[in-house]
2 protein chains.
Amino acid sequence: MSIEVVFGRHLRKFREGKGLSQEELAFRSNLDRTYISLLERGKRRPTINTIFALAKSLDAAPSDMIKMVELELATDITGREP
Amino acid sequence: MSIEVVFGRHLRKFREGKGLSQEELAFRSNLDRTYISLLERGKRRPTINTIFALAKSLDAAPSDMIKMVELELATDITGREP
DNA sequence: CTTTTTTTATGACTATAGTCCGTAGACCAT
DNA sequence: ATGGTCTACGGACTATAGTCATAAAAAAAG
C-alpha cells in the first residue's frame, strides 16, 4: 500500500473523529476543499508544512499522524520481500 | 522559525550522525545531490514520501524526525502569540 | 418523496518540489 | 602547487502539489 493512500485514510479517520467536514478542515488549514478530498483518496502527497497545518487543525501531533502511517505500512503484509 | 528550516537542521544532524555525505544520502534515497543541500538549508519542503525515503536511508523512523521538528517548534520562543 | 449538506470528479491553472547541468570555494591530503 | 572530497549555489528544466470554478453523485435530513 502506498504512503499517500495510507495517509489519506488516516487523515479521514482523524477528521471524522473530530466531526469535521472536508470543507471545515480545509478552512481551518487554509487549504482548498477539493484538495482535502484528493488527499483523503490518496491522490496527492502533502508537504511537511501541509502535514503540520492539517495536524494543528485536527488537534493532533504531526508525528502521531505520521506514526500511524508508519505502523500500518510496517504491518502491511503485501509487497514484503521474501 | 519555519518548519522547513528546522527540518533541514535535523536532517543534517541525522545525516552527519550516520557519517554520510549528502551525495551518499541522495543516492540511497533516490534523490538529487543538490536537493539534499536545498533541504538541509531549508530551501525546500519535502513531501511525505520524501520524508519516508530519507528516514529509511538514515535508519530512523519518519515520526521521530517529525517529532524533533515538532518539539523544537514548540519550545521556540520567537513568534508566540502574547 | 424533496431539500440540504457533503463528497467526488474534471479540467485548467499557478506555485513549488525535485532534477540535472555546471561552477566555485573550503578542507585535507599528497 | 595539485588532486580528491565535500558542500553551496546558479539557472533551466520537468513533475507534481495545491487552487479555483463547476457539475454531479451520494448521503443525510426533513
Side-chain angles (χ1 to χ4, degrees), chain A residues 1-60 62-63 65-66 68-70 72-73, chain B residues 1-66 68-70 72-73:
Chain A
M1 188 57 56
S2 69
I3 294 171
E4 60 268 25
V5 168
V6 174
F7 175 83
R9 290 205 297 245
H10 286 290
L11 176 60
R12 174 161 296 181
K13 282 189 183 177
F14 270 97
R15 178 179 62 80
E16 290 177 342
K18 280 282 170 182
L20 298 178
S21 67
Q22 291 180 350
E23 191 161 11
E24 286 166 345
L25 175 57
F27 177 74
R28 294 191 187 195
S29 314
N30 291 308
L31 293 169
D32 196 79
R33 174 176 56 87
T34 65
Y35 179 57
I36 302 293
S37 174
L38 288 169
L39 279 178
E40 290 188 352
R41 285 176 288 132
K43 305 291 186 186
R44 287 292 189 281
R45 301 166 172 184
T47 63
I48 188 172
N49 291 62
T50 300
I51 294 169
F52 271 70
L54 290 168
K56 184 167 191 175
S57 301
L58 295 167
D59 300 307
S63 58
M65 301 187 65
I66 296 300
M68 301 195 64
V69 175
E70 207 173 288
E72 181 167 342
L73 288 172
Chain B
M1 188 57 57
S2 68
I3 295 171
E4 60 269 23
V5 168
V6 175
F7 176 83
R9 289 204 298 243
H10 285 292
L11 176 60
R12 175 160 296 182
K13 282 188 185 177
F14 270 97
R15 177 179 63 81
E16 291 177 341
K18 279 285 171 179
L20 297 178
S21 67
Q22 291 180 350
E23 191 162 10
E24 285 167 347
L25 175 57
F27 177 74
R28 294 192 188 193
S29 313
N30 289 310
L31 293 168
D32 196 79
R33 172 179 56 88
T34 66
Y35 179 57
I36 302 293
S37 175
L38 288 169
L39 280 177
E40 289 188 351
R41 286 177 288 135
K43 305 292 185 186
R44 288 293 190 279
R45 303 167 172 185
T47 64
I48 188 171
N49 289 62
T50 300
I51 294 169
F52 271 69
L54 290 168
K56 184 166 190 176
S57 301
L58 295 166
D59 299 306
S63 58
D64 284 345
M65 301 187 65
I66 296 300
M68 301 196 65
V69 176
E70 207 174 287
E72 182 166 342
L73 287 172

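Here is how names work: the chains are called A, B, and so on, in the same order as the sequence lines, proteins then strands, and each is numbered from 1. Bear in mind that the values here come from a model prediction, so they are computed numbers and not experimental data. What you see below is based on every heavy atom in this structure, not just the backbone, and it leaves out hydrogens, waters and symmetry mates.
- Atoms CG (L11(B)) and P (dA8(D)) sit 11 Å apart, rounded to a whole Å.
- Sorted by first and then second residue, the salt bridge (charged side-chain N to carboxylate O under 4.0 Å, His left out) pairs involving residues 36-52 of chain B (not counting sequence neighbours) are E4(B)-R45(B), R12(B)-E40(B), R15(B)-E40(B).
- For the side-chain hydrogen bond (donor to acceptor under 3.5 Å, both in side chains) test, no residue two or more places apart in sequence or in another chain qualifies with E16(A).
- For K18(B), the side-chain hydrogen bond (donor to acceptor under 3.5 Å, both in side chains) partners at least two apart in sequence or on another chain are D59(B).
- Rounded to a whole Å, the CD1 atom of I48(B) is 17 Å from the P atom of dT16(D).
- Judged by distance alone, with hydrogens and angles left aside, the side-chain atoms of S37(B) form no donor-acceptor pair with the main-chain N or O of R33(B) at under 3.5 Å.
- Among the atoms of the strands shown, only primed sugar atoms or phosphate atoms (P, OP1, OP2) are found under 4.0 Å from some heavy atom of N30(B).
- E24(A) is linked by a side-chain hydrogen bond (donor to acceptor under 3.5 Å, both in side chains) to nothing, counting only residues two or more places apart in sequence or in another chain.
- If you take CG of D32(B) and P of dC13(D), they are 17 Å apart, rounded to a whole angstrom.
- Going from atom CG of L54(A) over to atom C1' of dA17(D) covers 13 Å, rounded to whole Å.
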Report summary line: 5' to 3', nucleotides 6-12 of chain C under a 4.0 Å protein heavy-atom cut-off (B base, S sugar-phosphate only, - none) gives -BBB---
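- For residues 47-58 of chain A, no residue pair satisfies the salt bridge (charged side-chain N to carboxylate O under 4.0 Å, His left out) rule, not counting sequence neighbours.
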